[in-house]
Protein chains: 2
Amino acid sequence: MAEQPQGQTIATVERAADVLNAFTELDGATVGVTELSERLGLSKAVVHRILTSLRVKGFVELDEDSRRYSLGPASLSLGLTYLQKIDVRDEARSFLRDLSEQTDETATLSVRRGDVRMYVDQVTPSREVKMTVQLGHPYPLHAGGSSKAFLAHLSDEFIDDYLSRPLEQLGPLTMTDPDIIRKDLALVRSRGFASSLGERQEGAGSVAAPVFGHENDPVAVISVCGPVERFQNEIDDIAPVLLESTRRLSRRLGWEA
Amino acid sequence: MAEQPQGQTIATVERAADVLNAFTELDGATVGVTELSERLGLSKAVVHRILTSLRVKGFVELDEDSRRYSLGPASLSLGLTYLQKIDVRDEARSFLRDLSEQTDETATLSVRRGDVRMYVDQVTPSREVKMTVQLGHPYPLHAGGSSKAFLAHLSDEFIDDYLSRPLEQLGPLTMTDPDIIRKDLALVRSRGFASSLGERQEGAGSVAAPVFGHENDPVAVISVCGPVERFQNEIDDIAPVLLESTRRLSRRLGWEA
DNA sequence: CCACTATGTTCCACTCAACGGAATAACGTT
DNA sequence: AACGTTATTCCGTTGAGTGGAACATAGTGG
């Protein structure tokens with residue numbers, strides 16, 4: 001459970017951090033001052049000053065033609081510096097590729113920190129109609145195959161605490177009732193994989209299974225995902241292939257059954 | 001040339017950005033309050049408050065045992081959101097793999113923004129003595145094979161402006177004399193690749209060549225690198241393989257000779 | 001175990017840097 | 001050209017940020 005840090009903070013720094021986080025949460029590649037101002041409840045003058053400050057340091061860039069802002073190279077630098085901490089990514093790459101080839105669907109790798117998970121890698125098939133995911137975007141743990149594959153294998157304390165708070169409705173099919181989610185998590189645990197048909201993202205289907213390392217909690221989750229119409233009929237074919245992959249990767253990462 | 005933005009900034013936000021940038025510039029995975037305080041010329045109280053503010057928003061994490069700080073998941077999120085903008089990375093991956101296999105050395109991909117470049121991908125060989133690079137760390141453009149492969153192919157205006165400023169001495173073999181650098185850049189252009197023996201990093205050798213797309217400036221640079229002892233004798237074998245790869249990738253990215 | 005050193009964390013008096021409303025500039029559309 | 005929308009700049013106001021010092025914690029050596 002993400003513990004809120006004690007200690008004095010600086011409101012201005014928190015606002016700047018909110019501005020940066022907004023870039024990862026919004027869908028477009030560029031963002032305008034007014035949009036951020038409304039989203040964060042700050043005056044346009046403040047947003048503009050924050051963005052200018054972040055520009056000076058390389059965290060955002062201004063497209064002078066459109067007068068909109070996008071992330072800059074210092075943001076990339078941050079992320080890649082962090083990425084060096086994630087050993088599982090290089091190990092998982094060939095598994096993703098094999099999975100994608102075998103299923104002719106997109107294979108993804110997710111990692112979790114606290115209450116959120118994010119895609120950190122994906123391999124997509126050559127076909128034209130396929131699903132692609134957004135790397136780096138933070139998702140809650142109750143919606144979607146990859147999220148549930150994490151949540152199902154966390155401690156009871158974590159699950160109780162997580163489900164004690166209001167859950168975000170990502171789309172019309174997102175489950176937000178704790179009792180229903182608990183039943184689903186029990187099913188995930190008994191089958192070893194989670195499936196999702198439109199819960200996180202309308203029209204998207206996925207099958208996801210955890211990857212374990214030395215510790216009890218999953219190190220990562222691998223999923224196979226695609227358009228929901230195809231998935232209705234493919235889950236039973238995909239799941240065993242996926243489970244074989246996650247078992248092999250888990251063993252490589254030091255997991256002992 | 002990176003144009004300094006006009007307009008009002010917020011000093012506190014700039015300080016927070018300096019704190020985040022310090023994580024990408026320092027070598028260790030964790031950083032202490034005093035270290036940052038001395039590095040940035042800020043009081044320990046300010047640094048502590050900035051770090052606490054960034055913790056609240058997920059940009060840094062505190063290791064409570066060591067009481068040191070490291071980057072957090074929001075930093076990863078930022079970087080991966082930016083990474084989605086870089087199309088060349090997925091295209092280049094198989095070239096890196098082939099290169100690494102053919103040369104039995106490490107193959108790297110770099111991108112540039114303004115005055116700095118950074119490694120965004122690498123494939124390392126299975127051998128034990130090999131070179132690995134740090135993704136995300138910003139490097140200046142005058143030292144090292146990959147940096148020179150960028151600089152040599154930028155406009156004269158850019159080169160003049162870049163060389164008009166004091167150049168950082170990365171190691172004992174770094175060239176900082178503009179005239180010497182211009183001669184080296186001319187050699188890079190005539191051969192099509194750049195080489196480096198210990199200029200960026202002592203003990204490290206590399207051969208690097210630019211990858212072009214639709215525009216005049218290089219989109220990326222691919223390098224092959226390893227321990228300098230091996231490179232003295234391998235440059236002539238590696239360069240033609242590297243140039244073949246960068247030509248094929250350039251054509252795939254829409255380059256026209 | 002204790003003393004010492006080094007580093008992280010908290011407190012609080014002081015002041016100037018950050019704020020926001022309004023004016024201005026710039027851009028796109030009709 | 002006029003209008004609507006968005007980005008940028010200005011400036012009076014004040015409370016949020018600063019930093020020096022005190023306190024807490026951790027590691028090391030005798």
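Below, all heavy atoms of this structure are taken into account, side chains as well, without hydrogens, waters or symmetry copies. So that the names make sense, note that chain A is the first sequence line, chain B the second, and so on, each numbered from 1.
The side-chain tip of A:Arg252 does not point at the ring of A:Phe212 from less than 6.0 angstrom away and within 45° of straight on. The cationic atom of B:Arg117 (NZ for Lys, CZ for Arg) lies less than 6.0 Å from the six-membered ring centre of B:Tyr119 and within 45° of the ring axis.
Contact footprint of chain B on DNA chain C: nucleotides with an atom under 4.0 Å from a non-hydrogen protein atom, first to last in 5' to 3' order, C:dT7 to C:dC19.
Using a 4.0 Å heavy-atom criterion, one finds that A:Arg68 contacts no nucleic acid atom at all. Contacts of B:Ala11 with the nucleic acid, taken as non-hydrogen atoms under 4.0 Å apart, involve only primed sugar atoms and P, OP1 or OP2.
Between A:His48 and D:dA7 there is no side-chain N or O to OP1 or OP2 distance below 4.0 Å. One finds no side-chain N or O of B:Arg49 lying less than 4.0 angstrom from the OP1 or OP2 phosphate oxygen of D:dA16. Close to D:dT8, at under 4.0 Å from its OP1 or OP2, lies no side-chain N or O of A:Thr52.
Contact detail for B:Met131 and B:Thr124: the closest heavy-atom pair is O-CG2, 4.1 Å.
Here A:Asp115 pairs with A:Arg165 in a salt bridge; the nearest charged N to carboxylate O distance falls below 4.0 Å. A salt bridge does not link A:Glu61 with A:Arg55: none of the charged nitrogens is closer than 4.0 Å to a carboxylate oxygen. With respect to the salt-bridge test (charged N to carboxylate O, under 4.0 angstrom), the residues B:Arg68 and B:Glu35 qualify.
Taking atom CG of residue B:Leu51 and atom P of nucleotide D:dG17, one finds them 15 Å apart after rounding to whole Å. The CG-C1' distance, from B:Asp63 to D:dT25, rounds to 14 Å in whole Å. Rounding to whole angstrom units, CD1 of residue B:Ile10 and C1' of D:dT9 are separated by 14 Å. When rounded to the nearest whole Å, the span between CZ of B:Arg15 and C1' of D:dG19 equals 11 Å. For the pair A:Ile50 CD1 and D:dT9 C1', the interatomic distance rounds to 16 Å; values are reported in whole Å. Counting to the nearest Å, the C1' atom of D:dA24 and the CG atom of B:Leu62 are 15 Å from each other.
For the residue pair B:Thr108 and B:Ser223, a side-chain donor N or O sits within less than 3.5 Å of a side-chain acceptor on the partner. A donor-acceptor pair shorter than 3.5 Å can be found between the side chains of A:His142 and A:Tyr162.
Within the 3.5 Å criterion, the main-chain N or O of B:Ile10 finds a donor-acceptor partner in the side chain of A:Ser53.
Comparing A:Lys44 and A:Gln8 along DNA chain C, the residue whose closest nucleotide (by nearest heavy atom) sits nearer the 5' end is A:Gln8. Taking for each of A:Ser43 and A:Gly7 the nucleotide of DNA chain C with the nearest heavy atom, the 5'-most of the two is the partner of A:Gly7.
Contact check of residues 30-39 of chain B against DNA chain C (heavy atom, cut-off under 4.0 Å) returns B:Gly32, B:Val33, B:Thr34.
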